[in-house]
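So the structure is just underneath, and the comments pick up after that.
Bear in mind the structure is a predicted one, so any value in this text is a computation, not a measurement. Numbered from 1 within each chain, the chains take letters A, B, ... in sequence-line order. Below, all heavy atoms of this structure are taken into account, side chains as well, without hydrogens, waters or symmetry copies.
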Amino acid sequence: MSGHKKTEEMTNFIYTMIKEDLERGALGDKCVHTRFPPEPNGYLHIGHARAILLNYKLAKAFDGKFNLRFDDTNPIKEEQAFVDSIMEDIRWLGADWGERLFFSSDYFDIKYQFAVRLVEAGLAYVCDLSQEEIRSYRGTLTEAGTESPYRNRSSEENLDLFERMRKGEFADGSRVLRAKIDMASGNLNMRDPVIYRILHASHHRTGDQWCIYPMYDFDHPFSDALEGITHSLCSIEYADHRPLYDWIVENAVNLFPEAVKYRSRQTEFARMNLTYTVMSKRKLRRLVEENHVDGWNDPRMPTIAGMRKRGYTPNSIADFQERSGVSRADSTAELALLEHCIREELETTAPRLMAVTDPIKVIITNWPEAQTEMVGMENIPGDEAAGSRQVPFSGEIYIERDDFMEEPPKKFFRLAPDGEVRLKGAYVIRCDEVFKDEQGNITKLHCTYDPQTRSGADTSGKKVKGVIHWVSVEHAVRITTNLYDNLFTIENPEEEKDVDFTLNINPDSLVVCKDVPAEPAVAEATPGSRFQFLRKGYFYYDPDASEDGKPFFNRIVKLKDTWAKVKKKG
RNA sequence: UGGGGCGUGGCCAAGUGGUAAGGCACGGGAUUUUGGUUCCCGCAUGCGUAGGUUCGAACCCUACCGCCCCAGCCA
């Protein structure tokens with residue numbers, strides 16, 4: 001955890017429920033056991049991070065166990081590559097599954113045996129209806145379904161047919177195994193759900209060993225019960241699958257007692273949206289495929305990989321998860337909360353450095369020619385242990401273009417004609433002359449400095465309100481900065497159903513600044529480290545190599561900017 | 001008159017019959033060589049609405065309103 005106190009007890013309803021379970025002795029001699037069950041068919045995003053961390057922290061809080069189990073029951077959609085990236089992301093987040101890595105496909109054999117027992121018990125049957133027929137027999141939301149003509153086949157016939165399904169005698173889609181429950185149930189999930197389908201497809205782990213694969217509703221509760229998961233947490237759209245979950249678990253315990261001893265229970269909690277981004281797999285894929293972003297790990301993406309590359313820390317994501325809470329109500333967290341979490345961490349941990357992302361040159365006309373002076377600056381204000389560094393100052397420097405205004409509004413206390421400003425850690429300068437090109441763009445400023453105003457040794461008595469950052473031209477190292485901003489211009493890009501969400505993409509979500517002058521200390525920075533470029537925001541030294549070999553820094557988040565607010569108000 | 005779920009300030013979220021925690025955001029002020037940080041202060045006479053029970057209701061009861069999810073051989 002980060003430096004600030006974070007020892008309060010969890011207060012979410014799931015934590016409370018587990019505590020009560022423990023007090024009641026509802027777990028018997030078992031310890032709390034959770035799991036995260038990703039399907040290896042895509043990349044993890046911030047929403048998954050919440051689920052991962054919730055499951056992991058809950059297990060940890062109660063000194064229990066945490067499994068990582070890949071839900072790989074659909075060979076058509078799943079790949080090893082996703083298994084790898086998912087593990088990398090979870091590991092990075094800090095959720096440690098130890099030796100407890102599992103795959104649903106590990107249990108294909110025993111699951112088949114369980115299915116056979118369901119058939120023997122008259123609780124499952126092979127149905128020859130086509131996919132379309134099954135759909136129409138299912139009924140509608142308001143009308144009961146109709147029983148399949150194959151519903152009352154004998155156990156012997158079902159056993160034979162199921163066995164032959166397994167052997168590969170039938171074509172994909174020609175038959176399925178269904179649980180025999182209740183075609184008149186108000187809950188569609190209970191209307192004789194399909195539990196096995198024929199899929200002549202190669203599986204990323206089991207190869208061609210199987211041509212029938214279990215469905216989620218059959219597979220998941222069984223896997224949970226088999227692993228002894230005590231608390232199976234899932235998102236709220238599975239709430240109406242719970243009766244089926246319980247049905248499977250109950251029958252597993254009764255029909256397969258030698259393998260399944262524990263009655264796992266499912267608890268649902270609401271997913272959470274984030275403002276200024278999208279979270280659905282489909283929309284994220286479109287962003288990538290239509291090249292609105294540069295891949296799944298583009299720093300603007302809400303994917304774990306994207307956030308990692310942006311420079312977010314696992315800690316800040318965990319903090320966000322804790323602060324945003326858990327409930328069953330639909331909710332949308334504000335990006336501002338996430339940003340607060342990373343700023344709070346970096347405020348006390350990120351060394352300060354100076355870089356000028358949009359420079360104009362300043363000539364200090366009364367500076368002794370060719371002279372360089374070293375000025376000291378603290379690395380992290382208020383943290384003496386973080387030390388300080390020497391920064392070269394000279395008669396030619398860069399300052400930020402928007403730190404100068406020819407016609408400053410009231411309360412602008414940066415540099416203006418005939419005005420004064422302090423150069424952070426150095427001297428107070430006055431602007432004497434402004435130079436422009438033919439288009440009227442400012443090209444250069446002539447200023448004079450006041451030798452009496454050296455930082456820490458100011459004898460001038462001047463009180464200058466503004467302090468700006470700078471970089472000595474002669475000593476500057478050149479870097480690239482990627483200035484990231486919100487990917488969308490509106491809070492909820494999914495809101496307007498009839499407008500394509502890509503229309504609200506922020507055209508300025510990435511501004512690349514090349515040849516940005518930065519103070520010499522930047523050259524000693526190590527890839528993968530985080531800094532604050534003074535007054536500009538927190539940046540991450542991207543460890544990936546850039547095209548030109550120059551270091552590049554991703555802006556993780558801007559600093560809060562009260563001035564921007566004041567300006568906006570006019 | 002299908003089933004399930006949810007409604008507490010701008011966004012989250014505690015609270016589970018005793019008179020509305022906390023965080024973020026927002027507004028104001030102080031400090032500040034980052035318009036950053038930090039520190040003060042403010043921010044629901046109100047808990048979807050309307051009734052009812054009670055000495056007392058966000059919490060209990062009734063009715064209504066609104067929003068979300070479900071008709072994959074996806075998960």
Distance, P atom - from rA20(B) to rC43(B), rounded to whole angstrom: 13 Å

Can you find a donor-acceptor N/O pair under 3.5 angstrom joining the side chain of Arg343(A) to the base of rU37(B)? no

Measuring only between side-chain heavy atoms, which start at C-beta, is Arg138(A) closer than 4.5 Å to Leu188(A)? yes

Determine the interatomic distance between C1' on rC73(B) and the same-named atom on rC68(B); round to the nearest Å. 27 Å

Less than 3.5 Å between a donor and an acceptor, one on the side chain of Asp240(A) and one on the base of rG3(B), is that the case here? yes

Both distances under 3.5 Å, Watson-Crick or G-U wobble: report the partner of rC39(B), or none. rG29(B)

When the ring planes of Phe393(A) and Tyr427(A) are compared, do they come out parallel, tilted or perpendicular, using 30° and 60° as the limits? tilted

Does rG36(B) have OP1 or OP2 under 4.0 Å away from a side-chain N or O of Thr562(A)? yes

Base, sugar-phosphate or nothing for Leu337(A)? Non-hydrogen atoms, less than 4.0 Å. sugar-phosphate

Need one value for Val326(A): base, sugar-phosphate or nothing, where a base atom within 4.0 Å counts as base even if backbone is also close, heavy atoms only. sugar-phosphate

Pairwise 5' ranking along RNA chain B for Gly466(A) and Leu338(A), keeping only the more 5' one: Leu338(A)

Taking rG36(B), rA13(B), rG4(B) as options, the one with an atom nearest any side-chain atom of Ala239(A) is rG4(B)

Would you indicate what Val176(A) reaches in the nucleic acid, counting non-hydrogen atoms under 4.0 angstrom: base, sugar-phosphate, or nothing? base

Identified pairing partner of rG66(B), criterion: Watson-Crick or G-U wobble below 3.5 Å: rC6(B)

rG9(B) and rA25(B), which share atom name C1', separated by this distance in whole Å: 11 Å

Please tell me if Arg328(A) has a side-chain N or O lying less than 4.0 Å from either OP1 or OP2 of rC6(B). yes

With a centroid cutoff of 5.5 Å and a plane-angle limit of 30°, would you call Tyr216(A) stacked on rA75(B)? no

Indicate, with a heavy-atom threshold strictly under 4.0 Å, whether Met190(A) touches base, sugar-phosphate, or nothing. nothing

Under 3.5 Å, is there any donor-acceptor pair linking the side chain of Glu347(A) to the base of rG36(B)? yes

Let's test your reading of the model: under 3.5 Å, does the base of rU34(B) pair with the side chain of Arg535(A) as donor and acceptor? no

Which whole number of Å gives the distance between the P atom of rC60(B) and that of rA14(B)? 16 Å

Salt bridge between Glu519(A) and Arg352(A), side-chain N to carboxylate O under 4.0 Å? no

Side-chain ion pair, Asp192(A) and Arg151(A), N-O less than 4.0 Å: yes

Can you see if the side chain of His469(A) gets near the phosphate of rU34(B) - specifically, an N or O under 4.0 Å from OP1 or OP2? no

Pairwise P distance for rG15(B) and rG48(B), with rounding to whole Å: 16 Å

I want to check something: taking the side chain as every heavy atom from C-beta on, are Val278(A) and His45(A) in contact at a cut-off of under 4.5 Å? no

Among rG35(B), rU33(B), rC73(B), which is the nearest nucleotide to the side chain of Lys411(A)? rG35(B)

Spell out yes or no: do the side chain of Glu334(A) and the base of rG10(B) have one donor N/O and one acceptor N/O closer than 3.5 Å? yes

Is the ring centre of Phe488(A) less than 6.0 Å from the ring centre of Tyr276(A)? no

Please check the phosphate of rA75(B) (OP1 and OP2 only) for any side-chain N or O of Arg197(A) closer than 4.0 Å. yes

Nearest-Å distance once atom P is located in both rC47(B) and rU8(B): 11 Å

Please determine whether a side-chain nitrogen or oxygen atom of Lys565(A) lies at a distance below 4.0 Å from atom OP1 or OP2 of rC26(B). yes

Between rA58(B) and rU19(B), how far apart are the C1' atoms? Round to whole Å, please. 11 Å

So Lys424(A), base contact, sugar-phosphate only, or nothing? Heavy-atom distance under 4.0 Å. base

Kindly compute the distance separating OH (Tyr107(A)) from CD (Glu227(A)), expressed to the nearest 0.5 Å. 3.0 Å

base_contact_polar (rG72(B) base, Arg135(A) side chain, donor-acceptor, <3.5 Å): no

Arg271(A) vs rC69(B): side-chain N/O to OP1/OP2 distance below 4.0 Å: no

From the candidates rG7(B), rU34(B), rC70(B), the one with an atom nearest any side-chain atom of Leu188(A) is rC70(B)

It should be established whether Ser455(A) places a side-chain nitrogen or oxygen under 4.0 Å from OP1 or OP2 of nucleotide rU33(B). no

Contact nearer the 5' end of RNA chain B, comparing Ala336(A) with Trp563(A): Ala336(A)

From the options rU33(B), rA75(B), rA13(B), select the nucleotide whose nearest atom is closest to the side chain of Val467(A). rU33(B)

Phosphate contact (rA75(B) OP1 or OP2) by Thr73(A) side-chain N/O below 4.0 Å: yes

